[in-house]
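Basis for what follows: all heavy atoms, side chains included, without hydrogens, waters or symmetry-related copies.
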Amino acid sequence: MPIEKNFNAAEAEQRIFAKWEAEDRFKAGANAKPGADSYCIVIPPPNVTGSLHMGHAFNNTLQDLLTRWRRMQGQDVLWQPGTDHAGIATQMVVERKLAEEGNISRREMGREAFLKRVWEWKEESGGTIMEQLRRLGASCDYSRERFTMDEGLSHAVLKVFVQLYNDGLIYRDKRLVNWDPHFETAISDLEVEQRDVQGKMWHFRYPLADGATYEYVEKDADGNETLRETRDYVTVATTRPETMLGDTGVAVHPDDERYKSIVGKDVILPLVGRRIPVVADEYPDPEQGSGAVKMTPAHDFNDFAVGKRQNLRMINIFDTTAHLKLKDEADFVEDVPASADLDEVLALDGLERFEGRKQVLAMMEARGLLDHIEDNPHTIPYGDRSGVVIEPYLTDQWFVDAETLAKPALAHVRNDDTSFVPKNWEKTYFHWLENIEPWCVSRQLWWGHQIPVWYGPDGEVFCEATAGEAAASAEKHYGKPVDLERDPDVLDTWFSSALWPFSTLGWPDDDAALKRYYPTSVLSTGFDIIFFWVARMMMFGLHFMKDQEGEPLVPFDTVYIHALVRDENGQKMSKSKGNVIDPLEIVDEYGADALRFTLTSMAAMGRDLKLATSRVEGYRNFGTKIWNAARFAEMNECAPVAGFDPNAVNETVNKWIVGETARVRESVDAALEAFRFNDAAAALYAHIWGVYCDWYLEFSKPLLQGDDGPAKDETRATAAWALDQCLIMLHPIMPFITEELWLVLSEDRAQPLIHTDWPAYTAAGMADAEADAQMDWLVKAIEAVRSVRAEMNVPPGAKIPLLVVEADETAKARLAGGDALLRRLARIASIDAAAEAPKGAVTLALEGATLCLPLADVIDIAAEKARLEKALGKVQKEIGGLEKKLANENFLAKAPEAVVAEQRERLTASQAEAEKLSAAAARIAELG
RNA sequence: GGGCGCGUAGCUCAGUGGGAGAGCACUACGUUGACAUCGUAGGGGUCGCUGGUUCAAUCCCAGCCGCGCCCACCA
């Protein structure tokens with residue numbers, strides 16, 4: 001059946017993919033050779049918050065490329081797929097959806113009913129994601145799909161939590177955390193994003209208690225007094241005026257002479273009337289602001305630390321939504337005398353924090369306690385999901401002792417058990433782990449793994465994997481059965497992600513896949529989640545996975561860090577900016593292969609990868625090119641020949657394409673081994689389009705269209721073989737069109753392409769130097785003739801004679817061998833020897849020969865003169881450079897011999913060319 | 001405040017201590033039986049600036065200019 005005129009990507013992709021899947025081509029170990037090495041990639045699980053974006057398409061293309069390549073090599077391959085529950089993000093999506101649908105809120109609905117809705121959403125979204133992966137051609141083992149909240153993975157989470165608790169690496173602590181007032185939950189440092197704002201700094205006066213005064217003296221750098229006055233107040237500065245309601249002290253540096261006399265005294269907190277101490281602490285910087293700092297230990301990380309050192313009270317003034325909460329807080333009015341001001345302050349109860357700020361400022365100003373205001377650019381923390389200002393908030397939370405776990409994670413990258421590609425990302429990784437803070441893992445959310453902790457009546461903690469075990473443990477503790485209450489919080493979504501490389505492989509219940517595939521081979525991900533995910537997988541993997549000797553095992557050999565996909569203008573794609581390119585829209589328009597090739601060929605770029613559809617179009621055309629090459633092969637009966645031996649061909653063109661094929665195979669493998677995906681794509685593009693189609697197929701035409709015989713048979717077989725090799729090597733990048741052609745081109749394939757063996761031949765074993773030289777020479781000759789024809793405006797269809805003026809033996813042989821090809825591809829009517837170039841002929845300087853085209857009747861003398869002068873100028877410039885270099889004794893003495901010899905050769909060749917060009921120029925001059 | 005990265009053709013970007021590259025865009029010509037989603041030929045770059053190392057620098061080093069990102073508790 002003849003090949004269709006065009007490749008119908010939409011139809012073929014679905015059909016081919018369905019067939020692969022039905023035949024179990026993606027299963028773990030499919031196509032593995034006996035005793036093969038294992039090769040495993042765990043997919044970075046997409047969030048079940050919606051659909052895949054271009055970044056997913058990019059990363060999964062690369063993973064699929066590696067997976068298909070290794071599978072064809074016969075390795076025991078597993079690409080493990082799955083999705084992530086993405087706690088806060090998914091809860092947010094479902095809550096928003098409920099609101100849009102006019103439903104009752106999460107709280108009204110209750111935990112159980114709400115979770116049911118989230119699960120419904122998950123089923124839908126998770127299914128969509130897997131379908132999208134299929135559309136891209138991702139050859140993961142879908143039968144092993146996992147979800148972070150699956151039973152097995154949840155079991156792993158519980159086991160890890162309990163063990164870390166028992167190891168003392170998870171603990172509960174009351175401390176300041178980053179609190180998201182929108183979601184009303186704690187979040188980790190990583191989920192906070194600092195934004196620059198043009199803010200203000202307000203300077204307040206806090207009066208000293210008991211009418212005390214002091215001499216306030218300021219000095220300049222030379223110690224000269226610049227100000228001296230008696231003060232009954234101390235000035236403090238703040239960017240957050242409303243927090244003054246929670247102040248419990250004023251701190252000054254112990255060496256700050258200005259304030260030495262008031263250390264130990266008290267000030268009266270304005271508005272509230274609370275009596276708070278002036279303390280000396282290393283924290284305040286005398287150079288900054290007034291040198292005195294108001295302390296709000298319950299709402300500022302620095303103040304919290306000072307407060308702990310100085311035993312300051314911690315007064316919380318906000319509720320969980322960051323509204324002022326003063327009235328019901330016993331400690332807010334503790335020891336504070338009743339006053340009109342206090343009543344006014346208490347009336348602020350329930351105000352949103354920024355409204356509260358306005359009111360506090362107004363009150364301070366009205367009382368003359370606002371000293372001055374200055375502009376102060378600074379950064380403010382925002383929740384990365386909610387986009388609201390984060391509030392440092394004093395709560396009980398669960399923390400992971402990250403510092404302890406970080407040590408092995410650092411060591412095993414330092415010793416290259418795990419390597420980053422590119423290597424420089426290791427620096428980023430080290431820096432973060434070396435300065436790591438405790439990881440707050442509890443979240444006041446509903447969607448996620450509920451913390452396996454139960455509390456007894458007296459608050460005693462029972463950390464067990466199940467309620468039953470907790471009850472048993474409690475009974476043992478109390479000597480009788482008691483009612484336990486489970487911790488309502490869930491874990492940070494990254495907690496379960498951190499287990500992904502081993503939880504998906506069956507740990508802790510089934511270790512078959514774990515034994516086979518752990519440590520995994522490659523993790524491919526973006527640099528934006530090195531901290532969130534990669535570092536934490538390293539920490540947990542090393543803590544929980546051990547080899548038979550009990551030595552820790554890293555989760556992966558290589559971490560490949562890819563760039564982030566942006567739009568044409570370099571902007572990060574986001575829904576709010578409206579610049580999101582949906583990968584499936586591209587797939588619909590150009591086919592998955594074109595998108596995949598585009599993404600692959602852009603993989604080497606630094607941190608940004610700017611996607612333009614013009615490139616996708618170009619690579620779609622590349623697919624068409626191969627398609628047409630296959631049609632040509634079929635039309636000329638170039639069918640694969642069983643037992644074909646590429647080393648046994650006789651025709652020069654065939655020897656040449658065999659060598660070219662071997663060279664590209666080496667390039668592609670070397671590129672993929674080094675994760676230089678774009679190099680692999682570029683090598684294939686250049687080979688298939690620039691070598692196989694542009695030259696080899698053209699060279700083969702005279703043979704294929706000539707008389708039957710051994711040469712024709714050989715060329716048919718070689719053309720088919722070389723095309724097959726192109727399909728094989730291109731398959732990991734463009735799986736669909738290659739598979740389609742593979743099956744269409746021959747009816748008796750041993751295997752579909754996806755399970756066809758990857759070649760291992762080498763140029764050293766297959767290339768023929770003489771054939772290469774012959775063909776290179778011929779290509780140059782054809783190009784030279786074509787160039788002249790175009791510049792002299794010879795009609796494209798016109799056949800012109802060619803005269804060989806002088807030629808050495810090698811050139812003569814090459815000319816004889818390439819006679820038919822030269823005639824055909826350069827449109828030459830005749831090739832004859834001549835003693836000298838006729839008047840008005842154009843001469844071509846080639847290695848070992850001077851060819852000339854007698855174009856006297858068509859020639860534009862001025863144009864030819866210009867052409868020769870230009871060429872001559874170029875050559876002479878090069879000669880000048882080379883002569884200068886070769887005259888330099890230092891160069892001759894110090895440069896490697898090979899380099900010197902090479903330069904000499906180049907000089908000789910250039911001089912020969914210049915001579916020929918000069919002679920030609922002289923002849924033209926005679927005419928003019 | 002620390003750290004990282006980038007500046008090469010009109011655009012997007014590869015690349016290398018010794019002859020400047022690709023894709024797209026552009027120009028001219030072309031219905032040669034695979035392909036106009038194409039073919040042939042061509043134009044276009046002081047490889048950010050300055051200095052240093054070297055026989056030799058677009059490449060290595062230093063400084064500068066411009067741009068981007070990450071980390072960081074400065075009130």
Please state the [atom1] separation for the pair [N] and [M] - nearest whole angstrom.
{"N": "B/A28", "M": "B/G44", "atom1": "C1'", "result": "15 Å"}
{"N": "B/G39", "M": "B/G18", "atom1": "P", "result": "32 Å"}
{"N": "B/G7", "M": "B/C47", "atom1": "P", "result": "14 Å"}
{"N": "B/C26", "M": "B/A9", "atom1": "C1'", "result": "11 Å"}
{"N": "B/U53", "M": "B/G63", "atom1": "C1'", "result": "15 Å"}
{"N": "B/G2", "M": "B/C73", "atom1": "P", "result": "16 Å"}
{"N": "B/U8", "M": "B/C59", "atom1": "P", "result": "14 Å"}
{"N": "B/C35", "M": "B/U16", "atom1": "C1'", "result": "35 Å"}

Closest to side chain of [X], choosing from [options]:
{"X": "A/Arg631", "options": "B/C74, B/C29, B/C35", "result": "B/C35"}
{"X": "A/Gln705", "options": "B/A34, B/C38, B/C55", "result": "B/A34"}
{"X": "A/Arg676", "options": "B/C38, B/G15, B/A72", "result": "B/G15"}
{"X": "A/Thr379", "options": "B/A41, B/C73, B/A72", "result": "B/A72"}
{"X": "A/Lys894", "options": "B/U37, B/C55, B/A34", "result": "B/C55"}
{"X": "A/Pro796", "options": "B/G30, B/C38, B/A75", "result": "B/G30"}
{"X": "A/Glu878", "options": "B/G23, B/G19, B/C24", "result": "B/G19"}
{"X": "A/Phe632", "options": "B/G18, B/C74, B/A34", "result": "B/A34"}
{"X": "A/Phe531", "options": "B/G18, B/A34, B/C70", "result": "B/C70"}
{"X": "A/Thr624", "options": "B/U37, B/A34, B/G18", "result": "B/U37"}

Pair assignment for [N], Watson-Crick or G-U wobble, requiring both distances under 3.5 Å:
{"N": "B/A56", "answer": "none"}
{"N": "B/C24", "answer": "B/G10"}
{"N": "B/G39", "answer": "B/C29"}
{"N": "B/G68", "answer": "B/C4"}

Is any side-chain N or O of [X] closer than 4.0 Å to OP1 or OP2 of [N]?
{"X": "A/Trp695", "N": "B/U40", "result": "no"}
{"X": "A/Lys5", "N": "B/A34", "result": "no"}
{"X": "A/Ser614", "N": "B/A25", "result": "no"}
{"X": "A/Arg906", "N": "B/G19", "result": "yes"}
{"X": "A/Asn435", "N": "B/A72", "result": "no"}

Considering every strand and a 4.0 Å limit on heavy-atom distances, what is the contact class for [X]: base, sugar-phosphate, or nothing?
{"X": "A/Pro284", "answer": "base"}
{"X": "A/Glu698", "answer": "base"}
{"X": "A/Glu617", "answer": "nothing"}
{"X": "A/Arg827", "answer": "base"}
{"X": "A/Trp202", "answer": "nothing"}
{"X": "A/Ala682", "answer": "nothing"}
{"X": "A/Asn888", "answer": "sugar-phosphate"}
{"X": "A/Glu889", "answer": "nothing"}

Check your understanding: So A/Phe675 and A/Phe677, would you call those rings parallel, tilted or perpendicular, with 30° and 60° as cut-offs?
Key -> perpendicular
Point to revise | A/Phe597 and A/Tyr685 aromatic ring geometry - parallel, tilted or perpendicular at 30°/60° bounds | key: tilted
Review point. Between A/Asn6 and A/Ile782, who's closer to the 5' end of RNA chain B by nearest nucleotide?
Key: A/Asn6
Check your understanding: When you match A/Pro286 and A/Gly618 each to their closest nucleotide on RNA chain B, which lands nearer the 5' end?
Key -> A/Gly618
Length of the [atom1]-[atom2] vector between [X] and [N], whole Å:
{"X": "A/Lys427", "N": "B/G5", "atom1": "NZ", "atom2": "P", "value": "7 Å"}
{"X": "A/Asn890", "N": "B/G17", "atom1": "CG", "atom2": "P", "value": "22 Å"}
{"X": "A/His431", "N": "B/A72", "atom1": "NE2", "atom2": "C1'", "value": "8 Å"}
{"X": "A/Lys877", "N": "B/U46", "atom1": "NZ", "atom2": "P", "value": "11 Å"}
{"X": "A/Asn678", "N": "B/A14", "atom1": "CG", "atom2": "P", "value": "8 Å"}
{"X": "A/Leu697", "N": "B/G39", "atom1": "CG", "atom2": "P", "value": "12 Å"}
{"X": "A/Arg309", "N": "B/C73", "atom1": "CZ", "atom2": "C1'", "value": "11 Å"}
{"X": "A/Arg786", "N": "B/U32", "atom1": "CZ", "atom2": "C1'", "value": "11 Å"}

Review point. Is a side-chain donor-acceptor pair under 3.5 Å present for A/Thr908 with A/Gln911?
Key: no
Review point. For the residue pair A/Trp179 and A/Tyr393, is the inter-centroid distance of their aromatic rings smaller than 6.0 Å?
Key: yes
**Study point:** Other residues, nucleotides, ligands: >12 heavy atoms within 6.0 Å of A/Gln198 CD
**Key:** yes
Check your understanding: Step by step, would you call A/Asp196 with A/Thr379 a side-chain hydrogen bond (donor to acceptor under 3.5 Å, both in side chains)?
Key -> CA-CA 4 Å; A/Asp196 291 325; A/Thr379 59; 5.3 Å; no
Review point. With a 4.5 Å limit on heavy-atom distance, are the side chains of A/Phe891 and A/Gln903 in contact?
Key: yes
**Study point:** Heavy-atom side-chain proximity of A/Arg596 to A/Tyr619 below 4.5 angstrom
**Key:** no
**Study point:** Under-4.0 Å salt bridge between A/Glu634 and A/Arg631
**Key:** no
